[in-house]
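Computed from heavy atoms alone, side chains included, the values below leave out hydrogens, waters and symmetry copies.
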Protein chains: 2
Amino acid sequence: MLGAIEAGGTKIVCAAGPVPGQIHARETFRTAAPTETFQQIQAFFGPYAESGQLEALGLAAFGPVGIAPGAPGYGQVQKTPKPGWTGVDWLDGLAPLACPVALDTDVNAAALGEQALGAGQGCQTLAYVTVGTGIGAGVIHQGRAPSGTGHYEMGHIYPPRSLGDVFEGLCPYHGDCLEGLASGPAIAARWGTDLSSLLADHPAHALEAAYLAQLAVTITLTHMPERIVFGGGVMKTPGLIDRVRAETRRLLGGYVSQGPASGDLGGYIVPPGLGEDSGITGALILASRA
Amino acid sequence: MLGAIEAGGTKIVCAAGPVPGQIHARETFRTAAPTETFQQIQAFFGPYAESGQLEALGLAAFGPVGIAPGAPGYGQVQKTPKPGWTGVDWLDGLAPLACPVALDTDVNAAALGEQALGAGQGCQTLAYVTVGTGIGAGVIHQGRAPSGTGHYEMGHIYPPRSLGDVFEGLCPYHGDCLEGLASGPAIAARWGTDLSSLLADHPAHALEAAYLAQLAVTITLTHMPERIVFGGGVMKTPGLIDRVRAETRRLLGGYVSQGPASGDLGGYIVPPGLGEDSGITGALILASRA
């Protein structure tokens, strides 16, 4: 049996299955302090480990986290606003389960899941964006998540401000970076509710699409993927992905004249094929490679 | 003998040498119409080809250009504002020289040159930025330029506008994208002269640094390189690289807390180690691999 953990900023999903794409058991709990979280993880996987069934674990972890095997800080949570989590060592916390662990960021794992079994099947280069509590993006190139000295942090790019938008942004590091302007909490702070609760002609929709399209443009110009999957809670807003597609097209201005980022972008900016399971599926794939 | 061609928007450099890093002959001419350009290239390399000395050619070509061997459009210039160049096939034009040709973009070649023999030696992931007639950036990861469905076009990201800057930008596709706001021609259009001619306390310097720092931030968040080399004519302005470094640090806001993009960035944002020869050196490396 393979074990998978998707550790997000809001909730943690544990799952077990024989192969990626098949989940036999799953449990979800709110992201708490590290000690409580490791107890819950231990409670879920303990029986599999004790019976010798648990072959490997795949961890899709919220960032920033050290993902380079062998490098200093591997498996450790870096500076994060989440109370109690800075410096936590995932590998230490999972050591009682006594099996190999492979880890990557939550967005890289989601990209991996979508590339292997979801909306990105057949793509040599796939990007996955999540728009929820935070904004993040992962890239899979030829089946692997490339990274430089660490994982990418694309949600923190600075987009041009939309005309008349004076919201100061709420990223604790950057103020009005993309995450500070367009994440779920930013939407709630601007409008006092979530995007799906606002009528289709409310300006919040166009504003959100304008900012997310800047991320789509930046990903296009910096990675030239075959496709970009847009997932996460905010993307469930009806019509939002169509608006992002139209605005991305407008911003690209026909400059990319060939390939998937040209034309109407209908097959370029797409919703997840795995629904809520992009990340946990990716974590199972990580486990299968551990 | 290896042959190298660096084809930029303004000038074309031809060089011949026995190994990358050694240039025995070189000639530079202004980028003209394709027919004239191919005649000049033929005139330079013809004698080497006829005597059987020319083993291979490396081409560092201005973009957009097809760089995926075997894919449709390989070696062809894509839609470009340069008169007469759209649709030109480099491989057809170089066919009379009857030797293997390897090609990449000018910025990828420059990144390759700097990584192998310049300021990026030892870097697993290196970015090279040029700021001149246009703005472009290339990335080398483990000795190769990664690419998705095509080469990157990072010079066309949209940066946030600096406070009070109402210049409309001059990119024919995007208006106020980075290239439209901060390339050499944009500086000339704003101020009527080049940056080096303006006193050190002229606001043009801080403005230029603010825009270029946005590119450094975006490259950091999307590729996490070990180092970013800033080259090109505009970067020869005294003090500019220091301003870019300081502004990048301010914009990152301490978010990248480990690795080369943390701290004072003194070893992270650096000038080319090969001076004017980053691109032609990369083209020689391409030839050596052809």
Side-chain angles (χ1 to χ4, degrees), chain A residues 64 66 68 71-73 76 78-80 86 123-127 137 139 141-142 146-161 171-178 213-214 217-227 251-262 268, chain B residues 64 66 68 71-73 76 78-80 86 123-127 137 139 141-142 146-161 171-178 213-214 217-227 251-262 268:
Chain A
Q76 285 172 26
Q78 293 165 15
K79 201 163 66 175
T80 171
T86 299
C123 290
Q124 286 288 304
T125 309
L126 180 78
V139 173
H141 182 66
Q142 296 175 345
S147 64
T149 59
H151 56 80
Y152 306 151
E153 285 286 354
M154 301 197 210
H156 293 271
I157 59 166
Y158 291 90
R161 298 301 295 266
C171 175
Y173 293 97
H174 308 116
D176 63 353
C177 70
L178 186 71
Q214 288 287 347
V217 167
T218 298
I219 290 174
T220 300
L221 300 176
T222 59
H223 283 280
M224 290 285 173
E226 258 172 274
R227 195 166 293 158
L251 288 169
L252 285 173
Y255 184 68
V256 180
S257 60
Q258 298 179 2
S262 60
Y268 183 61
Chain B
Q76 284 172 26
Q78 293 165 16
K79 203 164 64 175
T80 171
T86 298
C123 289
Q124 285 288 304
T125 309
L126 180 78
V139 173
H141 183 65
Q142 296 175 346
S147 64
T149 59
H151 56 80
Y152 306 152
E153 285 286 354
M154 301 198 210
H156 293 270
I157 60 166
Y158 290 91
R161 298 301 294 266
C171 175
Y173 293 96
H174 308 116
D176 63 352
C177 70
L178 186 71
Q214 287 287 346
V217 167
T218 297
I219 290 173
T220 301
L221 300 176
T222 58
H223 283 280
M224 290 285 173
E226 259 172 273
R227 195 166 294 159
L251 288 170
L252 285 172
Y255 184 68
V256 181
S257 60
Q258 298 180 3
S262 60
Y268 183 61

Is there a side-chain contact between B:M224 and A:E153, using heavy atoms and a 4.5 Å cut-off?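 Yes, close enough: below the 4.5 Å cut-off.
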Taking C-beta and beyond as the side chain, do A:H223 and B:H223 meet within less than 4.5 Å on heavy atoms?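 SC-SC contact between A:H223 and B:H223 confirmed.
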Pick from [options]: which one has the most heavy-atom pairs with chain B under 4.5 Å?
options: A:H156, A:Q78, A:Q142, A:E226; answer: A:H156
options: A:T220, A:L221, A:D176; answer: A:L221
options: A:P159, A:G155, A:C123; answer: A:P159

Using a cut-off of under 4.5 Å for heavy-atom pairs, which of B:P72, B:P160, B:G148 has the most such pairs with chain A? B:P160
Between chain A and each of B:A261, B:G259, B:P260, count heavy-atom pairs under 4.5 Å; write down the option with the most.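 Maximum pair count with chain A is reached by B:P260.
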Specify the closest pair of heavy atoms between B:H174 and A:L252, including all atoms of both residues, with the distance to one decimal. NE2-O, 2.9 Å
Pick one of side chain, backbone, both or neither for [X], based on which atoms fall under 4.5 Å of a heavy atom in chain A.
X: B:Q124; answer: neither
X: B:P225; answer: backbone
X: B:T222; answer: both

Could you go through the side-chain contact (heavy atoms from CB on, under 4.5 Å) check for B:Q258 and A:K79 one step at a time? CA-CA 9 Å; B:Q258 298 180 3; A:K79 201 163 66 175; over 6 Å; no
Non-hydrogen atoms of chain B under 4.5 Å away: do they reach the side chain of A:S257, the backbone, both or neither?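 Side chain of A:S257 only, per the 4.5 Å heavy-atom cut-off to chain B.
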Which residues share a ring-ring contact (aromatic ring centres under 6.0 Å, His included) with B:Y173, sequence neighbours left out: A:Y255
Hits for side-chain hydrogen bond (donor to acceptor under 3.5 Å, both in side chains) against B:T125, two or more places apart or cross-chain, chain-then-number order -> B:H141
Donor-acceptor pair, side chain of A:Y158 and main chain of B:V217, under 3.5 angstrom: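 Between the backbone of B:V217 and the side chain of A:Y158 there is no qualifying donor-acceptor contact (under 3.5 Å).
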